[in-house]
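None of these values were measured; they are calculated from a predicted model.
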Amino acid sequence: MNTHVTATDADFEEHRPRMFGIAYRMLGSASEAEDTVQDAYLRWVSADRAEIRHPGAWLAKVVTNLCLNNLTSARVRREEYVGPWLPEPVLTGDGTLGPLESAEQRDSVSMALLVLLEQLTPVERAVYVLREAFAYGHREIAGLLDLSEANCRQLYRRAAGRVAAERAATEERRFAPDPERWQSLVETFLSAAREGDLDRLEGLLTADVRYVSDGGGVVGSALRPILGRDKVARFSIGVLEKFAAGLPVTVAEVNGTPALLFGEVAVLLVEIENGLVSGISTVVNPEKLAFLRRQLSHS
């Protein structure tokens, strides 16, 4: 007796969050992730539903392969991008990118990791994301990518090794400070920057602090990372005076970590090491903030 139930649109909606989560981690772009899920739906509509016995696996395979196709052209767009490229920021406090309860889950959507994943080949990135963020087994991944299990294991080892090596080379430290300490330090940083207090501001920064700003050539921003305590302090004062004067500042969870929102025109993420600011990332490209603006309008 055949007890197979034909897949329905309800099955698609059930798996939509996971599809979006896979696509975002693969592409680093919320808008492109949305487009990918929509493309997956078009394939879902035209498919023979009676032949789809495991909707979740079928949809994960479609989305992953759409992302692989997208990454080939995305690499060209990244090379032509004006200034530093950062992932599109996403508000994650509402579960948009899935549960982020553990440090590993939060790390899977962090700006730092998503930038590192740009160094991987598309198929390495797929294997790494599916394994690390969604705990797919190597046999499952092999089925999604039409590769052998042994090949998937090899790709994963290579991808994980490259990520670890890049982290070691950049001395990236995965450290989540106490939220109250984070807010206190960031508020002091903002106060010093707005008052133009250079000495006080420099005292809040590590000697090798790094400031990365993504304006995409649409909004004026530094075309290269700013390095060092003195340069970052002076740049921060100038940026806040020029672009953020009078804007409301709120704290929100962005990509699994606390961040500052300057109205709807800028997102600022602050990395802290041993009680000092060690890294600042800002996204001011309005095109990259479109998804976040929609999230804010629905909150």
Quick one: do Phe262 and Val212 end up in the same hydrophobic cluster if we chain Ile, Leu, Val, Met, Phe, Trp and Tyr together by side-chain heavy atoms under 4.5 Å apart? no
Would you kindly confirm whether Met26 and Leu113 end up in one hydrophobic cluster when ILVMFWY residues are joined by side chain heavy atoms under 4.5 Å apart? yes
Could you tell me whether Asp107 and Arg167 have a side-chain N and a carboxylate O separated by less than 4.0 Å?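 Yes, charged N to carboxylate O under 4.0 Å.
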[X] and [Y]: side chain donor to acceptor below 3.5 Å:
X	Y	answer
Ser31	Glu88	yes
Thr8	Arg49	no
Glu195	Ser191	yes
Tyr24	Glu34	no
Ser213	Thr282	yes
Ser73	Arg77	yes

Excluding Tyr81, membership of its hydrophobic cluster (Ile, Leu, Val, Met, Phe, Trp, Tyr; side-chain heavy atoms within less than 4.5 Å) reads Trp85
Ring centres under 6.0 Å, that's the criterion: do Tyr128 and Phe134 meet it? no
Donor-acceptor pairs under 3.5 angstrom involving side-chain atoms of residues 40-47: please list them, not counting sequence neighbours.
unit_1	atom_1	unit_2	atom_2	d
Tyr41	OH	Asp9	OD2	3.1
Arg43	NH1	Asp39	O	3.3
Trp44	NE1	Asp9	OD1	3.2
Ser46	OG	Leu42	O	3.2
Ser46	OG	Arg43	O	3.2

Among Arg18, Met19, His54, whose side-chain contact (heavy atoms from CB on, under 4.5 Å) with Leu59 holds?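 Exactly one option meets the side-chain contact (heavy atoms from CB on, under 4.5 Å) with Leu59, and it is Met19.
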Shortest non-hydrogen separation from Gln105 to Leu100 and the atoms involved: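 Residues Gln105 and Leu100, closest heavy atoms: O-CD2, 3.2 Å.
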Can you list everything that forms a ring-ring contact (aromatic ring centres under 6.0 Å, His included) with Tyr136? Sequence neighbours excluded, please.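 Counting only residues at least two positions away or on another chain, Tyr136 forms no ring-ring contact (aromatic ring centres under 6.0 Å, His included).
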